[in-house]
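Order of the sequence lines sets the chain letters (A, B, ...), proteins ahead of strands, with each chain counted from 1. No hydrogens, no waters, no symmetry mates; every other heavy atom, side chains included, goes into these values.
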Amino acid sequence: MIAITQRHVHDAAVPPLAGDPPAADPPSPPPSKDDFQEELVIRPLHSGDIYASFQFRTVWDADFMGDQKVSHYRLFPKSLGQVITKFSVRELHISFTQGYWRTMQWGQPYLPSPPGAELWVWFQDTVTDVDGTWKELTNVLSGIFCASLNFIDSTNTVQPSASFKPLGIGNVTDHSFLRYATLPREIVCTENLTPWKKLLPCGSKAGLSVLLKSEKLFHSTFHSQAVHVRPVCQDPQCRTTSMELRQTLNVVFDLHTSGQGKREWSLFKMFSRTLTEACPLASSSKVYVDVTDNPQGEQFELSPATPLLTQAVVLGDRRTYSVYDLTQQASFGSSRSLNMLLRWKNSHNNVVPPVMLRPLLHSERYVAGYGLQAGEIHTLIYNHHPYRAFPVLLLSAVPWYLRLYIHTLTVSSKGKDNRPSYIHYQPSKDRERPHLLEMLLQLPPNSVTEVTVEFERALLKWTEYTPDPNHGFYVGSSVISALVPSVVAMDTNSTLDRPLFSSFFPCKEEASYFMRVYTEPLLVNLPTPDFSMPYNVICLTCTVVAVGYGSLYNLLTRTFQVDEPSPGLAKRIANVIRRFRGVPLL
Amino acid sequence: MAAPLALLLIVAVTIRAALFRTSLANLISERVEVVSPLNAWKRVVEGLALLDLDISPYSGDVFHETPMVIYLFHFLMDYAEITFMGAGVKFSSLHLVSQFRKQKFALEADRIPMDCLELIRSPTEMYYIPLKVAMFYLLNPFTIVSCVAKCTCGLNNAVIALFILSTMRGSALLSAIFLALATYQSIYPLTLCVPALLYLLQRLYIPVNVRRSSFWFYTLQYLFMFLGSLLVLICLSFFLLGSWDFLPAVYGFILSVPDLTPNIGLFWYFFAEMFDHFRLFFLCVFQINVFFYTLPLSIKLKEHPVFLIFMQIALIAIFKSYPTVGDLSLYMAFLPVWNHLYRFLRNIFLVSCVLLACSALFPVLWHLWIYAGSANSNFYYAITLLFSVAQILLVSDYFYAFLRREHHLTNGLYLKKKDGSEATLVLK
């Protein structure tokens with residue numbers, strides 16, 4: 001393995017340039033340029049927990065949409081590249097999340113994701129059979145990520161009509177090439193982390209990915225790993241495009257379970273590893289620590305100290321970060337390892353802890369009602385902006401076995417009716433497709449908007465229940481997409497060198513930024529038949545039908561006769577003897 | 001006659017209007033015994049809401065009414081309660097039922113032995129039958145809850161009542177049209193074609209003989225009218241909504257039973273617990289079971305088509321795929337017409353006790369299963385079975401009594417054995 005690493009290092013020292021005259025092989029095209037960046041952002045949260053967000057970005061100038069077959073893979077993982085070319089995928093976004101992001105306690109995440117597995121794909125317009133391609137794609141991805149994505153079928157796939165616009169380039173309006181599916185019941189574990197790490201150029205051998213050890217990562221409150229593939233522009237005029245692969249991993253460590261109650265975090269405490277070197281294949285490898293709330297070092301102390309300080313506009317706010325550049329040997333110090341430590345000072349010197357900026361958009365969802373016959377789904381969307389109203393797009397995909405009644409849909413803000421300006425509703429078909437409800441709602445400033453819809457629970461066939469039917473059935477998270485007004489001006493120039501965490505969502509205008517919020521998944525109980533009874537039920541019901549048949553058959557085929565009593569045994573024997581003798585019978 | 005009927009109507013309308021105003025109306029319209037996925041009012045409103053959103057009501061799986069019903073309620077939405085009350089009141093127009101009885105009396109008067117005179121009903125008795133029929137229908141608690149729940153089976157009942165009325169009057173065209181309307185709404189009234197035909201043939205003194213050309217001529221005429229009206233209705237529905245979506249959503253739904261919502265019938269739990277491999281087979285068996293008794297019954301009862309209509313309606317109400325108590329109330333309304341059979345009924349006490357007990361237990365066990373969680377689906381299913389057995393017993397009891405009365409009418413009431421002692425009749 002060491003030999004392979006060294007060979008890769010050798011290759012990295014001589015990057016192939018497109019302009020060089022090819023020496024040995026004139027006919028083959030020059031290999032495309034690819035670039036790898038990695039970064040880690042550590043953000044202490046107000047509740048005492050700590051949030052670590054890894055991003056690994058590979059940009060490759062290969063043209064996947066063109067005719068030329070892409071065959072020379074270097075930093076871009078071959079398994080993903082082959083999937084993209086085979087299934088004519090324009091954009092692919094897949095995420096695996098364990099836990100639910102608590103927006104009110106932790107603020108907004110850099111990259112939101114719903115609990116369970118979520119997959120949404122934009123296909124290219126050359127695809128003729130999108131549903132068939134989707135089915136094959138989910139099965140192949142299920143193999144690549146060792147996840148049960150093969151449970152994605154038409155009963156949990158929807159085709160949103162307005163949400164989930166492409167995050168890369170492309171002004172596509174034909175949503176028939178978009179598919180979205182979510183598996184809220186999916187569990188994330190080491191089995192999913194290992195193939196995800198294998199997609200990284202350095203694997204888990206060098207750079208930031210050495211920190212990704214599963215025994216610590218899964219001992220957390222929130223864990224989310226995702227893969228995002230999309231085409232991006234190389235220059236501001238967007239003359240050429242390149243394919244970008246971002247692998248992100250967000251993890252939140254809890255103060256009490258991982259931190260033993262002590263508010264002191266270090267890389268070793270979080271990941272049980274320290275950083276020793278940057279990934280040799282990376283052009284940039286940085287660690288950012290959010291020190292906005294700690295301008296003079298009064299809240300916590302960060303060691304080892306670093307002179308590098310940068311500011312970035314992310315999530316509508318200007319934040320300050322201390323930067324550790326792992327490509328500089330000086331970052332590692334004399335011990336050749338970097339273990340940054342954040343130690344909180346005691347608050348006995350009357351320092352008021354800073355108030356967390358209330359997230360502008362926040363939502364909750366719950367099921368109301370009692371019993372197993374009916375219920376109501378309530379979605380609450382909070383707009384905490386003091387004076388600005390903005391529209392949000394709400395997408396809900398409800399499984400078919402909760403029969404929604406759209407005439408009971410009510411949307412109210414501040415106690416008054418709030419009519420959505422756009423509603424797209426696709427009713428479900430039993431055992432074929434789920435309900436899809438998309439609405440464009442205008443949220444008044446500083447208000448709570450409540451969306452209510454009634455549903456009825458269906459009784460399923462006994463084979464359609466999961467092995468633990470009384471656990472309940474999951475309803476996937478609702479998605480709320482919005483352009484939220486931002487406090488500071490956002491940067492619309494997409495090709496400037498910015499930290500990765502601030503450049504994920506495209507920014508089209510300065511006054512607002514794009515945000516996506518996921519609600520809780522719901523767990524709903526359905527009435528169950530008795531699973532031990534199939535044979536008994538068949539017998540008993542057929543008995544009742546047979547009772548009906550029998551009584552009617554009797555009445556139809558028999559006639560009334562006078563009942564002559566049959567003679568006793570002695571008389572019958574005597575009659576037989578008399579018949580032989582030829583004498584009249586008794 | 002008019003005054004008691006008017007009083008009855010006023011009482012019935014008052015009860016319904018009073019119940020409409022209370023909160024019980026909402027409670028009753030949620031009950032699974034009263035409404036089914038086919039005819040719930042909530043689903044009609046949902047279908048209309050989908051139509052308002054420019055989505056075809058049949059694109060989802062929540063609306064299973066025919067397009068005519070959508071358009072009827074599109075205009076009558078605000079008057080829905082009055083529509084349902086009117087449908088119930090229509091039933092009382094069955095005062096013409098007495099007419100056929102008089103005709104039968106005239107036919108048979110000279111054929112019966114002398115001692116059977118007590119079996120024949122006097123005209124004074126028959127005078128009150130229409131009022132009793134109206135009372136049995138309008139004041140039946142099943143009918144009242146069905147009307148208050150705004151279940152569209154009330155409309156179906158009204159159409160079947162009109163069909164029976166026009167058949168009694170002898171107008172074949174109207175009878176065919178109403179039968180086509182009833183079949184269009186739910187497939188099962190198709191079996192009523194045969195008794196209607198038998199009645200009309202009897203009325204015109206055409207003997208039911210397959211070798212006679214007049215029989216075939218009339219049969220084909222009637223069938224042509226019936227099928228023609230049915231075709232017209234289906235094509236009209238196509239033009240109303242512009243697509244054939246309603247065919248699988250209405251008829252496919254009734255026949256293939258995809259929705260397993262509990263009701264008072266036998267299908268739901270049977271198909272909830274069915275092995276997938278045998279599902280189609282048992283579906284065919286159960287659906288054929290509804291249509292299967294038509295031919296044998298019509299052969300046996302070819303001289304008594306009115307009783308055949310009663311038997312058919314009862315069998316449909318018991319064995320259809322999504323029965324409700326509204327279907328029950330339809331055939332129970334006819335029981336006063338045969339109250340002269342009372343002396344031959346053997347199980348009437350048992351049957352009525354079981355029916356009352358089951359009606360009381362249905363809501364109790366539903367609550368225990370769905371809300372309290374202390375019972376499971378088997379309890380509700382058991383009551384369903386008991387209810388169906390009681391109804392089957394009721395129907396077969398009336399059939400037995402009818403056949404026995406006919407036997408006595410031909411053979412005399414007080415039968416004696418060979419040695420002169422009193423005889424007992426058995427079915428052999």
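For chain A, the option among Ile318(B), Leu50(B), Ile55(B), Leu48(B) with the highest count of heavy-atom pairs below 4.5 Å is Ile55(B). Interface check for chain B: of the options Ser428(A), Gly548(A), Pro529(A), the most heavy-atom pairs under 4.5 Å are formed by Pro529(A). Highest contact tally toward chain A, considering only Tyr371(B), Phe267(B), Trp268(B), is held by Tyr371(B) [criterion: heavy-atom pairs under 4.5 Å]. When each of Thr528(A), Asn554(A), Val547(A), Ile406(A) is scored by its heavy-atom pairs under 4.5 Å with chain B, the top score falls to Ile406(A).
Contacts between Glu456(A) and chain B at a heavy-atom distance below 4.5 Å involve the side chain alone, from C-beta outward. Looking at Thr463(A), the atoms closer than 4.5 Å to chain B (heavy atoms on both sides) all sit in the side chain, from C-beta outward. Neither the backbone nor the side chain of Leu393(B) comes within less than 4.5 Å of any heavy atom in chain A. Of the atoms belonging to Arg279(B), it is side-chain heavy atoms, and not backbone ones, that fall under 4.5 Å from chain A. Interface remark: Arg431(A) contributes side-chain atoms only to the contact with chain B (heavy atom separation under 4.5 Å). Residue contact with chain B, scored on non-hydrogen atoms closer than 4.5 Å, is absent for Leu409(A). Neither the backbone nor the side chain of Tyr553(A) comes within less than 4.5 Å of any heavy atom of chain B. The contact between Tyr58(B) and chain A is made entirely by backbone atoms, counting heavy-atom distances below 4.5 Å. For a residue to count as touching a neighbouring chain, one of its non-hydrogen atoms must lie under 4.5 Å from one of that chain's; by this rule Leu53(B) touches chain A with the side chain only.
A salt bridge links Glu454(A) with Lys42(B); the closest basic N to acidic carboxylate O contact falls under 4.0 Å. The existence of a salt bridge linking Arg433(A) and Asp61(B) is excluded, since no basic side-chain nitrogen approaches an acidic carboxylate oxygen closer than 4.0 Å.
Glu46(B) places a side-chain N or O within donor-acceptor distance of the main-chain N or O of His407(A), the cut-off being under 3.5 Å. The backbone N or O of Val537(A) lies less than 3.5 Å from a partner atom in the side chain of Tyr381(B), making a donor-acceptor pair.
Counting only heavy atoms from C-beta outward, the side chains of Phe282(B) and Ile538(A) approach each other to under 4.5 Å.
Taking the six-membered ring where the residue is Trp, the centroids of Trp462(A) and Phe275(B) are separated by under 6.0 Å. Here the two rings, on Tyr549(A) and Phe319(B), have centers that are 6.0 Å apart or farther.
Note on ring orientation: taking the six-membered ring where Trp is involved, the planes of His407(B) and Phe560(A) are tilted (angle from 30° to 60°).
Note that CZ of Arg457(A) is 13.5 Å distant from OG1 of Thr261(B), once rounded to the nearest 0.5 Å. Taking CD1 of Ile423(A) as the start and CG of Asp54(B) as the end, the distance is 12.0 Å to the nearest 0.5 Å.
Defined by atom type and a distance below 3.5 Å, a donor-acceptor pair is missing between the side-chain atoms of Glu273(B) and Tyr535(A). Looking only at atom types and distance, the side chain of Tyr400(B) has no donor-acceptor partner in the side chain of Ser551(A) under 3.5 Å away.
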Note to self: Checking Thr541(A) against Phe286(B) for the side chain to side chain contact (heavy atoms under 4.5 Å, CB included) test, could you report, in this order, the C-alpha distance in whole Å, the side-chain angles of both residues, the deciding distance, and whether it holds?
What the structure shows: CA-CA 10 Å; Thr541(A) 313; Phe286(B) 270 53; 3.8 Å; yes

**OP:** For side chain to side chain contact (heavy atoms under 4.5 Å, CB included), just list the numbers for Gln373(A) and Arg31(B), CA-CA rounded to whole Å, side-chain angles, deciding distance to a tenth of an Å, and then say yes or no.
**Re:** CA-CA 10 Å; Gln373(A) 187 175 6; Arg31(B) 302 254 16 125; over 6 Å; no

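Of the options Leu403(B), Leu297(B), Asp397(B), a side-chain contact (heavy atoms from CB on, under 4.5 Å) to Leu555(A) is made by Leu403(B) and by none of the others.
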